[in-house]
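Scroll down for the structure; my scribbles are underneath it.
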Amino acid sequence: MPVDAFARELLDWYDAYARTLPWRGPPGTPPPDPYRVWLSEVMLQQTTVAAVAPHFERFVTRWPTVADLAAAPDADVMQAWAGLGYYARARNLLACARVVAASGWPRDEAGLRELPGVGAYTAAAIASIAFGQVAVVVDGNVERVMARLFAVETPIPAARPLLRAHAATLAPAHRPGDYAQALMDLGATVCTPRNPRCDACPVSLWCAARTTGDPARYPIRAAKIPRPIRHGTAFRLEVDGHILLVRRPPRGLLGGMRALPSTEWSTEPSDWHAAAPVAVDWRPVPGEVRHVFTHFELRLRVMTATLPARPAVPGEWWPVETLGAAGLPTLFAKALRG
DNA sequence: TACGCGTGGGC
DNA sequence: TGCCCAAGCGT
């Protein structure tokens, strides 16, 4: 593999075909604000560009600088993050903003790596994109591109060290930020998981997977495990046009988010009476909410009751007509939609 | 190293 | 429709 030619072809392609995204400037322009780079990279962790873009715009409008974000109340940030998923990111985002507001941005990859919610990938991405430093930026796109370029037969995740080594070999000293984004854009728009567009690929000449005739076979993945099903019951308690919401524990699944009162979610349906916020005449909402999490599928029954006066129970009473602004995780928004 | 951690879109 | 997976991180 001619390393210099590879980077040159990729950067030429990027200069012509780079996606226009709210958090970056055109190819060859000065680095964007580190705040915007960091915020977008955290939002993009395991999350699609389409889902991130509107949230990113709202965040930078409401909190234009890292100091503004650092000064925001936790509840406001969690609410603004609602719907994006992986809510630990929002908690780490605030913790990180407060460190940076107090101490400034670390200027190198090792320092960035110490920040909450900033792992190997994100540290390398910020160092290269915001600070122009040479770094080996390896995300899922880069893994796929490397697996195909070198026709790596070892399954992911065991192949990760090898894929990183290949990426390190190819990383140029010139335009490191644009190069990192070029590789990711290539993976997102040309070297896609299914139906890769090899005809449009600027580096197909050097791609081993293409010569096999089945580039989509790469990367090889370890066999997946079946997703178990859990069952639970949630409670919709209404008094005078208000619904009872609770705050979930700060860590774990949907940690720190507003929620409907609910039973635990277990592999077998179990009695829900003990988990009900009050002992009243609950009526079942017809049907069942199915919601897929990363490692299980939830089937949630909803019980509903309407009372004439508020019982003395923990939680907050939220007006029904503004529930859309409560910042509920998608699961509970679905449960309330019926 | 393996698992826990959300959600939505594409095919 | 069910399945795949997306700019991963923390423990």
Side-chain angles (χ1 to χ4, degrees), chain A residues 18-19 21-24 36-56 78 81-93 95-96 112-130 135-145 156-161 164 167 177 179-189 191-195 216 219 221-230 248-257 259 265 289-298 327-334:
Chain A
R19 289 176 292 173
L21 299 171
W23 44 85
R24 73 184 188 195
R36 295 171 68 90
V37 175
W38 161 75
L39 180 61
S40 66
E41 291 299 343
V42 172
M43 287 184 168
L44 286 162
Q45 289 165 6
Q46 297 289 286
T47 308
T48 58
V49 165
V52 165
H55 282 87
F56 176 84
M78 300 308 288
W81 195 274
L84 266 185
Y86 286 134
Y87 298 98
R89 293 185 297 171
R91 303 193 294 272
N92 286 325
L93 190 82
C96 183
L112 291 162
R113 181 69 181 78
E114 299 302 312
L115 295 170
V118 177
Y121 160 76
T122 304
I126 298 171
S128 63
I129 298 169
V136 183
V137 181
V138 183
D139 71 335
N141 288 305
V142 177
E143 287 182 350
R144 184 172 57 257
V145 171
I156 286 178
R160 292 220 159 95
R164 162 170 288 276
Y179 174 83
Q181 295 178 94
L183 213 44
M184 293 190 284
D185 271 26
L186 186 75
T189 65
C191 196
T192 48
R194 281 169 296 192
N195 305 316
R221 294 192 183 276
K224 66 176 187 335
I225 60 171
R227 199 192 308 271
I229 295 173
R230 295 187 196 172
R248 290 180 62 86
R251 273 175 289 280
L253 188 68
L254 307 176
M257 301 299 290
W265 303 335
V289 175
R290 293 191 180 192
H291 191 77
V292 179
F293 292 96
T294 304
H295 55 296
F296 67 93
E297 175 182 331
L298 178 65
L328 286 171
T330 298
L331 164 66
F332 296 111
K334 279 163 66 177

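Chain A is the first sequence line, chain B the second, and so forth, proteins listed ahead of strands; every chain is numbered from 1.
Within the 4.0 angstrom heavy-atom criterion, only backbone atoms of the sugar-phosphate kind lie near A/Asn92; the bases stay farther away. Nucleic acid contact class of A/Val52 (heavy atoms, under 4.0 Å, all strands): none. Using a 4.0 Å heavy-atom criterion, one finds that A/Ala50 contacts no nucleic acid atom at all. The residue A/Pro116 sits close only to the backbone: its heavy atoms come under 4.0 Å of sugar-phosphate atoms, none of a base. Contacts of A/Leu21 with the nucleic acid, taken as non-hydrogen atoms under 4.0 Å apart, include base atoms. Counting any heavy atom pair closer than 4.0 Å across all strands shown, A/Thr122 reaches sugar-phosphate atoms only and no base atom. Residue A/Gly83 is classed as a sugar-phosphate contact, given heavy-atom separations below 4.0 Å to backbone atoms only.
When the nucleotides C/dG10, B/dT7, C/dA7 are ranked by their closest atom to the side chain of A/Leu254, B/dT7 comes out on top. Side-chain atoms of A/Trp23 lie closest to C/dA7 of the nucleotides B/dT7, C/dA7, C/dG8. Of the candidate nucleotides B/dG6, C/dC9, C/dA7, B/dG6 has the atom nearest to the side chain of A/Arg89. Among the nucleotides C/dA7, B/dG6, C/dC9, the one closest to the side chain of A/Gln45 is C/dC9. Comparing B/dG6, B/dG10, B/dG4 by their closest approach to the side chain of A/His295 singles out B/dG4. Residue A/Gln46 places its side chain closer to C/dG8 than to any other of C/dG8, C/dA7, B/dC5. Picking from C/dA7, B/dT7, C/dG8 the nucleotide with the shortest atom distance to the side chain of A/Pro329 gives B/dT7. Considering only the side chain of A/Thr294, B/dC5 comes nearest among B/dT7, C/dC4, B/dC5. Relative to the side chain of A/Leu253, the nucleotides C/dC4, B/dT7, B/dC5 differ in distance, and B/dC5 lies closest.
There is a side-chain donor-acceptor pair under 3.5 Å between A/Tyr86 and A/Thr294. If you check the side chains of A/Glu41 and A/Tyr121, you find a donor sitting under 3.5 Å from an acceptor. For the residue pair A/Asn92/A/Arg89, the side-chain donor-acceptor check at 3.5 Å is not satisfied.
For the pair A/Ala259 and A/Phe332, the tightest heavy-atom approach, listed with the atom from each and the gap, is CB-CE1, 3.4 Å. Across every non-hydrogen atom of A/Ala188 and A/Arg144, the tightest pair is N-NH2, 4.3 Å.
Remark: A/Arg144 is in phosphate contact with C/dA6, judged by side-chain N or O atoms under 4.0 Å from OP1 or OP2. Close to B/dT7, at under 4.0 Å from its OP1 or OP2, lies a side-chain N or O of A/Tyr87. The phosphate of C/dC5 (OP1 or OP2) has a side-chain N or O of A/Arg221 nearer than 4.0 angstrom. Under 4.0 angstrom from either OP1 or OP2 of B/dG6 there lies no side-chain N or O belonging to A/Thr330. For the pair A/Lys224 and C/dC4, the criterion of a side-chain N or O lying under 4.0 Å from OP1 or OP2 is met. Residue A/His291 places none of its side-chain N or O atoms closer than 4.0 Å to OP1 or OP2 of B/dG6.
Taking only distance into account, the side chain of A/Thr47 never meets the base of B/dG8 through a donor-acceptor pair shorter than 3.5 Å. Side chain A/Thr48 to base B/dG8: no donor-acceptor pair is found below 3.5 Å. A donor N or O paired with an acceptor N or O is found under 3.5 Å between the base of C/dA7 and the side-chain atoms of A/Arg19.
When rounded to the nearest whole Å, the span between CG of A/Leu84 and C1' of C/dA6 equals 13 Å. In this structure, A/Phe293 atom CZ and C/dC5 atom C1' are separated by 18 Å, rounded to whole Å. Per the geometry, CE belonging to A/Met184 stands 13 Å off P belonging to C/dA6, to the nearest Å. Spacing between atom CH2 of A/Trp81 and atom C1' of B/dC5 amounts to 13 Å, rounded to whole angstrom units. Across the protein-nucleic acid pair, A/Glu297 atom CD and C/dT1 atom P stand 14 Å apart, rounded to whole Å. In this structure, A/Arg160 atom CZ and C/dA7 atom P are separated by 12 Å, rounded to whole Å. The interatomic distance linking A/Leu186 (CG) with C/dA7 (C1') rounds to 14 Å, in whole Å. Remark: P of B/dG4 and CZ of A/Arg91 are 16 Å apart, rounded to the nearest angstrom.
Taking atom C1' on both nucleotides, B/dA2 is separated from C/dA7 by 22 Å, rounded to a whole Å. For C/dC9 and B/dG8, the P atoms lie 22 Å apart once the distance is rounded to whole Å.
With ring centers used as reference points, A/His291 lies under 6.0 Å from A/Phe293.
Heavy-atom nearest nucleotides on DNA chain B were determined for A/Leu331 and for A/Arg194, and the one closer to the 5' end corresponds to A/Leu331. Summary of the strand contacts: A/Gly252 and A/Ala51 both lie near DNA chain B, and taking for each the nucleotide with the nearest heavy atom, the more 5' one is attributed to A/Gly252. Along DNA chain C, the nucleotide closest to A/Gly140 and the one closest to A/Pro219 are compared, and the more 5′ of them pairs with A/Pro219.
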*Please report the C-alpha distance between A/Val52 and A/Trp23 in whole Å, then the side-chain angles of each, then the deciding distance to 0.1 Å, and finally whether the side-chain contact (heavy atoms from CB on, under 4.5 Å) criterion is met.*
CA-CA 10 Å; A/Val52 165; A/Trp23 44 85; 3.8 Å; yes

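A donor-acceptor pair is defined here as one N or O able to donate and one able to accept, closer than 3.5 Å; such a pair exists between the side chain of A/Arg24 and the backbone of A/Arg19.
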